[in-house]
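Step one of this worksheet: look at the structure below.
Order of the sequence lines fixes the chain letters, A, B, ..., with proteins taken first and strands second; residue numbering starts at 1 for each chain.
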Number of protein chains: 2
Amino acid sequence: MSKCGQCIMKRFNALKTLTHEELERFSEHKTSLLIKKGENLMTEGNSINGLYCIRDGKCKLTKLNTNGKEQIIKFIKGGDILGHRSILSDEPVGLNATALEDMHVCFIPKGDILDSIRDNPQFSLNLIRNISLQLSQANTSISQMAQKPVKDRLAETLLNLEDIFGIDNEGCIDVVLTREEIANTIGTATESAIRLLSNLKKDGVIDLIGKKIKIINKNMLKNLSEGY
Amino acid sequence: MSKCGQCIMKRFNALKTLTHEELERFSEHKTSLLIKKGENLMTEGNSINGLYCIRDGKCKLTKLNTNGKEQIIKFIKGGDILGHRSILSDEPVGLNATALEDMHVCFIPKGDILDSIRDNPQFSLNLIRNISLQLSQANTSISQMAQKPVKDRLAETLLNLEDIFGIDNEGCIDVVLTREEIANTIGTATESAIRLLSNLKKDGVIDLIGKKIKIINKNMLKNLSEGY
DNA sequence: AAAATTAAATGATATTTATCATACTTAAAA
DNA sequence: TTTTAAGTATGATAAATATCATTTAATTTT
């Protein structure tokens with residue numbers, strides 16, 4: 001099994017401040033997982049006894065509302081970590097993590113993480129910063145969901161998706177989502193999301209190539225996301 | 001000036017794990033502030049160099065949206081602390097804290113807080129838990145804003161407000177908010193909020209006594225908040 | 001206390017968004 | 001390949017919500 005010390009992912013996340021010794025310890029205890037598309041890496045309400053480090057693949061973090069609808073809260077990709085909030089606060093997981101494509105994930109047991117939190121203040125601080133940033137983004141999200149019309153939220157979401165996942169060879173946003181998933185991200189009916197996407201295409205702001213979306217006029221999208 | 005060791009507020013928040021010595025140090029360096037109704041304790045984008053501990057009074061945490069509308073993200077009362085996220089992540093404040101009534105607040109300089117974070121893992125952990133809980137609540141909020149109709153969100157908000165602020169002698173929710181502030185909490189137009197409140201009153205679910213709101217049928221409100 | 005301002009309430013109307021129905025397309029299964 | 005199912009698209013309509021206008025009530029200022 002490959003070593004944590006050689007994994008390039010450690011450069012992208014809170015693990016980058018770990019010492020050689022800590023990474024060795026992680027390597028010895030970690031397990032590697034293959035999560036197939038559609039499977040859950042974490043499930044809302046379950047407890048968790050370790051940290052997930054995403055090597056590659058993409059997943060969505062969702063929450064099931066009391067009315068039975070799924071809300072997508074956040075997207076996760078290679079280099080991200082999952083489960084640290086639950087470990088730190090010693091609480092059950094709050095969100096479902098469902099693979100959007102096959103994922104390779106490493107699982108590092110809670111004990112090793114807690115040891116590093118105790119021994120390595122910088123690691124601890126990085127985890128806190130990660131959660132703080134998430135809180136800050138969540139607050140922005142609340143404000144936008146509450147105040148902005150669906151069209152603006154769609155524009156915002158498309159820009160976000162390109163930011164997170166980048167673009168492929170054809171210039172399309174490099175993630176495959178169903179229209180329903182897009183609708184569940186912006187909080188609207190699937191038909192409404194489809195209609196608004198069609199309008200954006202008709203206006204030449206985006207292009208739709210199968211499920212893939214290509215942003216043509218980023219400035220226009222930005223304006224739309226701000227209500228112009 | 002009164003001492004932190006004798007302040008009853010220390011029992012209600014993350015400060016409860018501090019040692020006698022730490023509280024002494026806080027006492028020596030802290031300053032007391034009176035924030036008048038309508039004034040800002042913190043302002044979005046500003047940096048902050050300490051922790052605020054609310055002795056009494058209430059405030060709203062708000063965010064100004066790109067479309068100029070104010071979104072209320074959270075309510076704060078005596079016993080709560082503010083500014084720890086900013087201290088921990090070393091980032092500017094993300095929200096405005098505006099007094100809903102006169103407030104008495106203690107300000108503890110950043111240096112003392114960072115000392116305690118270093119020396120007292122339990123204190124550090126409590127701060128992390130506090131932020132984690134906020135993140136969890138924020139995610140719930142995103143989901144509700146995105147998926148639930150305004151009527152459900154209003155019902156939910158009224159229950160929340162009673163939970164947070166309790167009730168006064170007359171059984172009313174013990175906080176005074178304008179209709180506009182209620183609208184900015186649930187993310188709707190002021191007129192819509194007023195109309196829905198009137199409907200709830202007509203249906204005997206709540207009573208409106210001036211600006212004060214009294215919940216009459218809590219069960220009914222709970223059902224409404226879940227879409228029934 | 002009177003005047004002026006601000007907040008609350010309500011009707012009329014326009015806009016946004018959801019729902020239902022149906023056709024078409026793509027992907028998956030037999 | 002044929003069949004079946006799932007996803008996408010679009011029209012018609014209903015429901016939710018915002019906006020504008022006006023009145024009344026409460027609060028603040030003079």
Inset, instruction - Could you tell me whether B:T188 contacts a base, only the sugar-phosphate backbone, or nothing, with contacts defined as non-hydrogen atoms closer than 4.0 Å? - result: sugar-phosphate
Inset, instruction - When you get a sec, tell me which of D:dG7, C:dT19, C:dT17 is the closest nucleotide to the side chain of A:A189? - result: C:dT19
Inset, instruction - Specify the separation, in whole Å, of atom NZ of A:K148 and atom P of D:dA18. - result: 16 Å
Legend entry - Shortest side-chain distance from A:E191, nucleotide among D:dC20, C:dA9, C:dT19: C:dT19
Inset, instruction - Could you tell me the separation between the CG atom of B:L200 and the P atom of C:dA9, rounded to a whole number of Å? - result: 12 Å
Legend entry - Audit row: A:E101, A:K77, salt bridge (Lys or Arg N to Asp or Glu O under 4.0 Å) steps and yes/no: CA-CA 10 Å; A:E101 51 185 56; A:K77 62 167 190 258; over 6 Å; no
Legend entry - Spacing between A:D152 atom CG and C:dT16 atom P, to the nearest angstrom: 10 Å
Legend entry - 5′-ward residue of the pair A:V150/B:L197 relative to DNA chain C: B:L197
Legend entry - Check: A:R195 side chain, C:dT19 base, donor-acceptor under 3.5 Å: yes
Inset, instruction - Establish, with yes or no, whether the OP1 or OP2 oxygen of D:dT10 is under 4.0 angstrom from a side-chain nitrogen or oxygen of A:S198. - result: yes
Legend entry - Between C1' of D:dA16 and NZ of B:K151, the distance in whole Å: 10 Å
Inset, instruction - Let me know the distance between CD1 of B:I194 and C1' of D:dT24, rounded to the nearest Å. - result: 12 Å
Inset, instruction - Using only side-chain N and O atoms of A:S192, determine if any of them is under 4.0 Å from OP1 or OP2 of C:dT16. - result: no
Inset, instruction - Rounded off to whole Å, could you give me the NZ-to-P distance for the B:K37 and D:dT28 pair? - result: 7 Å
Legend entry - Side-chain donor or acceptor of A:T178 paired with backbone N/O of A:E181 under 3.5 Å: yes
Inset, instruction - Determine the sole option in A:E70, A:E44, A:K63, A:K60 for which the side-chain hydrogen bond (donor to acceptor under 3.5 Å, both in side chains) test with A:N96 is passed. - result: A:E44
Inset, instruction - Dump the intermediate steps for salt bridge (Lys or Arg N to Asp or Glu O under 4.0 Å) on B:K212 and B:D207, then the final yes or no. - result: CA-CA 8 Å; B:K212 285 270 191 156; B:D207 200 6; over 6 Å; no
Legend entry - Heavy-atom neighbours of A:K151 NZ exceed 12 at 6.0 Å: no
Inset, instruction - Map A:K211 and A:P149 onto DNA chain C by nearest heavy atom, then report which one ends up closer to the 5' terminus. - result: A:P149
